[in-house]
Visitor: 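Sharing a structure, written as structure tokens. Questions coming.
Treat the numbers as computed from the prediction; the structure is a model and nothing was measured.
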Amino acid sequence: DPRPRTVWLGHPEKRDQRYPRNVINNQKYNFFTFLPGVLFNQFKYFFNLYFLLLACSQFVVEMRLGALYTYWVPLGFVLAVTVIREATEEIRCYMRDKEVNSQIYSKLTARGTVVGVVLYTGRELRSVMNTSNPRSKIGLFDLEVNCLTKILFGALVVVSLVMVALQHFAGRWYLQIIRFLLLFSNIIPISLRVNLDMGKIVYSWVIRRDSKIPGTVVRSSTIPEQLGRISYLLTDKTGTLTQNEMVFKRLHLGTVAYGLDSMDEVQSHIFSIYTQQSQDPPALKGVTLATKVRKTMSSRVHEAVKAIALCHNVTPVYESNGVTDQAEAERHYEDSCRVYQASSPDEVALVQWTESVGLTLVGRDQSSMQLRTPGGQILNFTILQIFPFTYESKRMGIIVRDESTGEITFYMKGADVVMAGIVQYNDWLEEECGNMAREGLRVLVVAKKSLTEEQYQDFEARYVQAKLSVHDRSLKVATVIESLEMEMELLCLTGVEDQLQTDVRPTLETLRNAGIKVWMLTGDKLETATCTAKNAHLVTRTQDIHIFRLVTNRGEAHLELNAFRRKHDCALVISGDSLEVCLKYYEYEFMELACQCPAVVCCRCAPTQKAQIVRLLQERTGKLTCAVGDGGNDVSMIQEADCGVGVEGKEGKQASLAADFSITQFKHLGRLLMVHGRNSYKRSAALSQFVIHRSLCISTMQAVFSSVFYFASVPLYQGFLIIGYSTIYTMFPVFSLVLDKDVKSEVAMLYPELYKDLLKGRPLSYKTFLIWVLISIYQGSIIMYGALLLFESEFVHIVAISFTSLILTELLMVALTIQTWHWLMIVAELLSLSCYIASLVFLHEFIDVYFIATLSFLWKVTVITLVSCLPLYVLKYLRRRFSPPSYSKLTS
């Protein structure tokens, strides 16, 4: 609710309300909400809640199946890993925020005393109010795994009911159901969550260590698999696709234009004006220049360059360069020690250009400005008024007095849309602005108006009066300024170019070939945005572009949508205003048509609009989105997307701090998605299915065991065997799947089509899940029936034969699944086997140690293991031979 605010200067005790702290904060939790928040995010998964209930049930004596530690230790370990990971990320985030906040503070205090009034701070800033709160993103992959665990839970209930039904629901059957649910609880593997979480940590570490994309930071290690399934990429333009480094390209005076190749002519005009002035007798100087009705070319060029050199908010700052100290450099206006500071890179580019043609800005403070001529003469100007640039006014103005002549001049520069109504009538402004924008230049219109002393005094009196008024102050001030902004003399147009970042074109082409649709959302004007889209090859040469006409009501939107519907395979360019109208009346139809376009460009887009587009894409298509940006105005879009990527750029670190991944250049995005995203997704898919297979195998064996022994709810393996099975005996080889890769990274970059395969979600689907379930049932049954058939006298022999066969089968299955061997994988296999053999000495209460040393044991285990694994090796060979996957053709 808007309320008036009273600011007490120098009397903080009179303040009647507290204001937010002026700090950047990107943390998801604070000290008090951290533990409850993390635990809530963990137990809202069906998966983890199930294990919590399972562990709690062991406190009830009738339900207890084994030692309490067999349930609580794994659950505690899983939660500890998650809490440590989240805490690490939060601490990192806190340190980054602290670093940025201290940088801002030191920048403010570096210049000595700070005098100013701050009205809005912290979360009340417009840029912060335009962004949403950071949320905990849950990956699509995690949701799919959660869905599979629900299916497994269904299977668990069915198996338990069948077991009790086969006992004809005798006695306290309801307790039996619970005991069977606990007995077969291995069907849902508790190690799945911790394996996947540790896998994510490994993927994040690999991304950070990749020397091909230096400076890349993973700020959210929970979603690296998302990078492997992006369908829509939404990118900002300035500073993301372009360098946000402006180069002055064009000066247009209406009858003549100067490009990069003819800047020496501008230089000679400026030189001739000042040498001519210094040769003229002083008395005649003013007369000769003023009385010329038709200005010479030199004079027109000079007027334009002088206006550009004076109308800005740039400050030259002098720094010590090792040879000259700061004070001396400032006194002598030392060129080598000077740097220009301004809020906009466009402004700096303009002032650097005037320096290159001979008119140099050498000094500036609150009330004056100094320019140096080619001859070394210093021109002094007093700043009488300055009207800063705003997004609403789209222009800036300055009133200066030339100290040598006493002339007062009002200079103004701004966007063509507003300046067209301010300057005197002319027939070239609109056409030339369009031409320059089509070349991808950012155009500014520069104008001036000479004021007499009386005119200025009259203006100043009205201006001061307006600034002191209590009601409608801003409106009155704007009205007074507008009284000056009439019939101004048009001096020139300036065109600066924001150059593309390196390798933007090949990166966009790679993304397009990978099946990713790219949308460019920018605040720039339509012509500039369209030109950049063509220049960056976002729109290919053969593609048509449909420029959506400006629509203001339902009828116009309907007609324009119908016209657009008739176009096929063409890129769409639309302005933010038209987009708003279309989304208001025809949201479904517009999104349906836009999603079919190979590329979309939205220009004049507000920050909240960018986030709205991301949200609509997610809702309408159900596909994964990735947003890339570099400035504070991209934060809401980055936080809304399934995957937010921040580019560290000229506009500060706000976007990169709020993002899930931070990169230093746009071109790194290609490798981040094609190599790391693809690998993360494929590895997690293989890992999750293998962990499920490992658990289903032992559950199948338990089911066979129980059914043979009259459906007794007695565990087959007890105590350490059951914990050791999913930890030290098989953990390392199974987890080593996070190092597996099907193709080299160079091949993945060369053939982005490989990425397209992942968009269908095939690595982890109901089909692959079913195949692994069948493999598990087959292997579990073979091992258990084999052990029951081949054992001779004692029950402990069944345990020894079946458990050893099970461990060997798991190790062989890992070897079968691996596509590219890594030395750590071989170490993991050998280490696990060694651990099992070494631990047999301590397992005498479960396994007969003397029986293991016999030949009888060895041949039985060998036969069972061969029968369980050999058919799968044969099937794999036949499949690779007759129906190879797409990537195998590239690796052979």
Visitor: Kindly write out the residues that satisfy salt bridge (charged side-chain N to carboxylate O under 4.0 Å, His left out) with Glu90, not counting sequence neighbours, or none if the list is empty.
Guide: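 Partners of Glu90 by the salt bridge (charged side-chain N to carboxylate O under 4.0 Å, His left out) criterion come out as none, since no residue qualifies.
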
Visitor: For residues 188-197, pull every pair meeting salt bridge (charged side-chain N to carboxylate O under 4.0 Å, His left out), keeping only residues two or more places apart or in separate chains.
Guide: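 Salt bridge (charged side-chain N to carboxylate O under 4.0 Å, His left out) check on residues 188-197 returns Arg85-Asp197, Asp142-Arg193, Arg193-Asp197.
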
Visitor: Within a strict 4.5 Å, meaning less than it, do heavy atoms of the Leu830 and Phe732 side chains meet?
Guide: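 No - every pair of side-chain heavy atoms lies 4.5 Å or more apart.
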
Visitor: Residues two or more places apart in sequence or in another chain: which of them pass side-chain contact (heavy atoms from CB on, under 4.5 Å) with Leu878?
Guide: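 Counting only residues at least two positions away or on another chain, Leu878 forms a side-chain contact (heavy atoms from CB on, under 4.5 Å) with Val874, Phe882.
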
Visitor: Can you tell me which residue pairs pass the ring-ring contact (aromatic ring centres under 6.0 Å, His included) test with a partner in residues 141-160, sequence neighbours excluded?
Guide: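 ring-ring contact (aromatic ring centres under 6.0 Å, His included) check on residues 141-160 returns Phe46-Phe153, Tyr50-Phe153.
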
Visitor: Ser736 versus Leu824: any side-chain heavy-atom pair under 4.5 Å?
Guide: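 In short, these two side chains do not touch, never coming nearer than 4.5 Å.
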
Visitor: Could you list the residues that satisfy side-chain contact (heavy atoms from CB on, under 4.5 Å) with Met749, not counting sequence neighbours?
Guide: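 Checked Met749 against side-chain contact (heavy atoms from CB on, under 4.5 Å); matches are Arg671, Met674, Val675.
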
Visitor: Could I get the full list of side-chain contact (heavy atoms from CB on, under 4.5 Å) partners for Val164, not counting sequence neighbours?
Guide: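 With neighbours one apart ignored, the set is Phe169, Trp173, Gln176, Ile177, Phe180.
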
Visitor: Does this structure show an ion pair linking Glu225 with Lys200, if we count only N-O contacts that are shorter than 4.0 Å?
Guide: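 Answer for the salt bridge query: yes.
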
Visitor: With sequence neighbours left out, what residues match Tyr836 under ring-ring contact (aromatic ring centres under 6.0 Å, His included)?
Guide: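 With sequence neighbours excluded, Tyr836 shows a ring-ring contact (aromatic ring centres under 6.0 Å, His included) to Tyr729, Phe803, given in chain and number order.
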
Visitor: For Phe690, give me all partners under ring-ring contact (aromatic ring centres under 6.0 Å, His included), at least two apart in sequence or on another chain.
Guide: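 Phe690 satisfies ring-ring contact (aromatic ring centres under 6.0 Å, His included) with His693, Trp772 once adjacent residues are dropped.
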
Visitor: Determine which pairs satisfy salt bridge (charged side-chain N to carboxylate O under 4.0 Å, His left out) with at least one residue from residues 850-865, sequence neighbours left out, and list them in order.
Guide: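 The answer is Glu792-Lys860.
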
Visitor: For the residue pair Leu140 and Arg229, establish whether any side-chain heavy-atom pair is separated by less than 4.5 Å.
Guide: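 In short, these two side chains touch, coming nearer than 4.5 Å.
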
Visitor: Show me the pairs that pass salt bridge (charged side-chain N to carboxylate O under 4.0 Å, His left out) and involve residues 757-774, at least two apart or across chains.
Guide: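 Listed once each, the pairs would be none.
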
Visitor: For a 4.5 angstrom cut-off between non-hydrogen side-chain atoms, does Arg678 reach Asp742?
Guide: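 With C-beta onward as the side chain, the pair touches.
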
Visitor: What residues form a ring-ring contact (aromatic ring centres under 6.0 Å, His included) with Tyr785, not counting sequence neighbours?
Guide: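 Tyr785: no ring-ring contact (aromatic ring centres under 6.0 Å, His included) contacts found.
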
Visitor: Return the set of residues passing side-chain contact (heavy atoms from CB on, under 4.5 Å) with Arg208 (not counting sequence neighbours), or none when no residue passes.
Guide: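 Counting only residues at least two positions away or on another chain, Arg208 forms a side-chain contact (heavy atoms from CB on, under 4.5 Å) with Arg92, Ser204, Val218.
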
